[in-house]
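We count residues from 1, following the sequence as given.
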Amino acid sequence: MNFLAHLTLSRCSADLQVGNFLGDFVRGGELKLLSLAVQRGVHMHRAIDRATDTDADVRAVNALLAERHGRYASVVSDIAFDYFLALNWAQLVEQDFGAFRMMTYQRLLEARTGMPDRHAQLLTRMVEDNWLLRYASQEGMATVFRRFRRRLSRPELLRGVEETLSELHEPLNRTLLQLFPRLETLSHTYCE
């Protein structure tokens with residue numbers, strides 16, 4: 001799961017959303033500097049990642065992706081799942097997508113002063129470029145993957161990723177539709 005899924009699964013609480021936003025970036029001593037409520041969101045983020053990584057349906061779709069994208073298969077599926085979440089939003093989430101994005105950006109921006117500088121800068125770029133909306137279109141996904149390639153040691157492994165997502169549309173969509181309700185059940189244990 002990537003930003004959209006993590007932030008959607010933690011929408012019950014601003015602190016959980018902040019922790020889910022920071023979940024991939026906060027390490028060691030930085031975690032202890034966060035409030036306990038935000039730390040809980042980081043732990044939630046990591047639980048969602050573990051559940052996703054060990055899910056049999058996800059592992060099966062990642063095996064298909066690995067044929068074309070090697071070691072980046074799980075990263076491709078994580079990003080792709082955000083696209084399929086946006087595509088199926090009305091079926092999976094009761095809140096309007098636009099209202100969700102605005103609420104989420106507002107919550108994250110309000111917490112920006114408590115974030116390490118590099119994370120606050122990342123958040124600013126996210127909001128200014130409306131990253132959550134990017135997941136809702138193929139053009140936006142192309143931009144997400146183009147930016148992601150710049151950070152990789154082997155960017156050639158993402159060559160043709162847009163075509164892969166088109167060709168594997170059905171198994172990726174089906175996997176998201178099966179996985180998301182299970183992750184919602186997990187998220188409820190953190191929202192209580």
Side-chain angles (χ1 to χ4, degrees), residues 1-66 71-89 91-95 97 100-101 103-112 114-116 118-120 122-123 126 131-132 135 144 148 151 171-192:
M1 298 286 129
N2 206 32
F3 286 115
L4 180 60
H6 278 288
L7 293 167
T8 302
L9 290 164
S10 59
R11 66 191 178 278
C12 63
S13 158
D15 288 329
L16 289 177
Q17 280 191 310
V18 172
N20 269 269
F21 171 74
L22 295 172
D24 281 332
F25 310 114
V26 174
R27 301 285 180 247
E30 284 182 328
L31 181 62
K32 295 175 186 169
L33 298 175
L34 302 172
S35 71
L36 291 177
V38 172
Q39 286 182 41
R40 184 169 169 80
V42 172
H43 294 303
M44 178 186 186
H45 177 110
R46 294 174 181 169
I48 290 166
D49 282 353
R50 278 191 306 276
T52 301
D53 292 344
T54 59
D55 185 88
D57 296 321
V58 173
R59 292 172 79 103
V61 84
N62 282 346
L64 295 173
L65 290 167
R71 68 183 185 198
Y72 298 129
S74 63
V75 178
V76 170
S77 66
D78 281 351
I79 295 170
F81 288 148
D82 275 7
Y83 169 72
F84 289 101
L85 173 56
L87 189 68
N88 294 289
W89 186 268
Q91 176 183 344
L92 296 170
V93 182
E94 290 181 16
Q95 187 175 16
F97 189 48
F100 164 79
R101 288 191 328 272
M103 174 196 74
T104 299
Y105 289 149
Q106 184 63 39
R107 286 175 164 183
L108 293 175
L109 288 170
E110 287 172 2
R112 183 173 44 191
M115 294 179 190
R118 68 185 186 282
H119 308 318
L122 176 69
L123 172 61
M126 173 193 241
W131 288 5
L132 298 180
Y135 295 112
V144 170
F148 183 64
R151 301 185 346 217
L172 283 162
N173 191 53
R174 182 177 56 249
T175 301
L176 180 275
L177 289 173
Q178 293 167 339
L179 175 65
F180 195 77
R182 294 192 288 261
L183 295 178
E184 284 266 74
T185 299
L186 170 64
S187 74
H188 291 315
T189 64
Y190 287 85
C191 290
E192 295 173 343

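Side-chain contact check for L108 versus L7: some heavy-atom pair is nearer than 4.5 Å. Two residues are said to be in side-chain contact when any heavy atoms from C-beta on lie closer than 4.5 Å; N88 and F180 fail this criterion. Put simply, the side chain of L172 does not reach to within 4.5 Å of the side chain of L64, judged on heavy atoms. For the pair F21/L122, a side-chain contact is recorded, criterion being any heavy-atom separation below 4.5 Å from C-beta on. Contact annotation: the side chain of V18 approaches that of M115 to within less than 4.5 Å [non-hydrogen atoms, C-beta and beyond]. V58 is not listed as a side-chain neighbour of D53, based on a closest heavy-atom distance of 4.5 Å or more.
Salt-bridge check for D55 with R182: passed, with a basic side-chain N closer than 4.0 Å to an acidic carboxylate O. A salt bridge does not link R11 to E94: none of the charged nitrogens lies less than 4.0 Å from a carboxylate oxygen.
For the atom pair CG of L123 and CG of L109, the computed distance is 5.0 Å after rounding to the nearest 0.5 Å. Going from atom CG of D57 over to atom CZ of R59 covers 11.5 Å, rounded to the nearest 0.5 Å. To the nearest 0.5 Å, atoms CG (L34) and CD (Q39) are separated by 6.0 Å. Atom CG of L183 sits about 9.5 Å away from atom CG of D49, to the nearest 0.5 Å. For the atom pair CG of L92 and OG1 of T8, the computed distance is 9.5 Å after rounding to the nearest 0.5 Å.
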Please step through side chain to side chain contact (heavy atoms under 4.5 Å, CB included) for the pair L9 and Y190, ending with a clear verdict. CA-CA 10 Å; L9 290 164; Y190 287 85; over 6 Å; no
Should N20 and V42 be marked as a side chain to side chain contact (heavy atoms under 4.5 Å, CB included) after you check the CA-CA gap, both sets of side-chain angles, and the distance that decides it? CA-CA 5 Å; N20 269 269; V42 172; over 6 Å; no
Worked check of side chain to side chain contact (heavy atoms under 4.5 Å, CB included) between L33 and V26: CA-CA 10 Å; L33 298 175; V26 174; over 6 Å; no
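The nearest pair of heavy atoms linking L132 to M126 is CD2-CE, 4.2 Å. Here the closest heavy-atom approach between residue L31 and residue R46 is recorded as CD2-NH1, 4.2 Å. Scanning all heavy atoms of the two residues, the minimum distance from A73 to A66 falls at CB-N, 3.5 Å. Considering all non-hydrogen atoms of both residues, A5 and L85 come closest at CA-CD2, 3.6 Å. Closest heavy-atom contact between M44 and S187: CE-CB, 3.3 Å. Listed here is the closest heavy atom pair of A37 and D15: CB-OD2, 3.3 Å.
Of the possible donor and acceptor atoms, none in the side chain of Q17 sits under 3.5 Å from a partner among the backbone N and O of R107. The closest donor-acceptor contact from the side chain of W89 to the backbone of Q95 lies under 3.5 Å. The closest donor-acceptor contact from the side chain of D82 to the backbone of L4 lies under 3.5 Å. In this structure, the side chain of R27 engages the main chain of D24 through a donor-acceptor pair within 3.5 Å. Without hydrogens or angle criteria, T185 side chain to P181 main chain gives a donor-acceptor distance under 3.5 Å.
Of the residues N173, L179, N2, the one that meets the side chain to side chain contact (heavy atoms under 4.5 Å, CB included) test with F81 is L179. F25 pairs in a ring pair (Phe, Tyr, Trp, His ring centres under 6.0 Å) with only one of the listed residues (H45, H119, H6), which is H119.
A cation-pi arrangement is found for R101 relative to F97, the charged atom lying closer than 6.0 Å to the ring centre and inside a 45° cone about the ring normal.
A side-chain donor-acceptor contact under 3.5 Å links N62 and S77.
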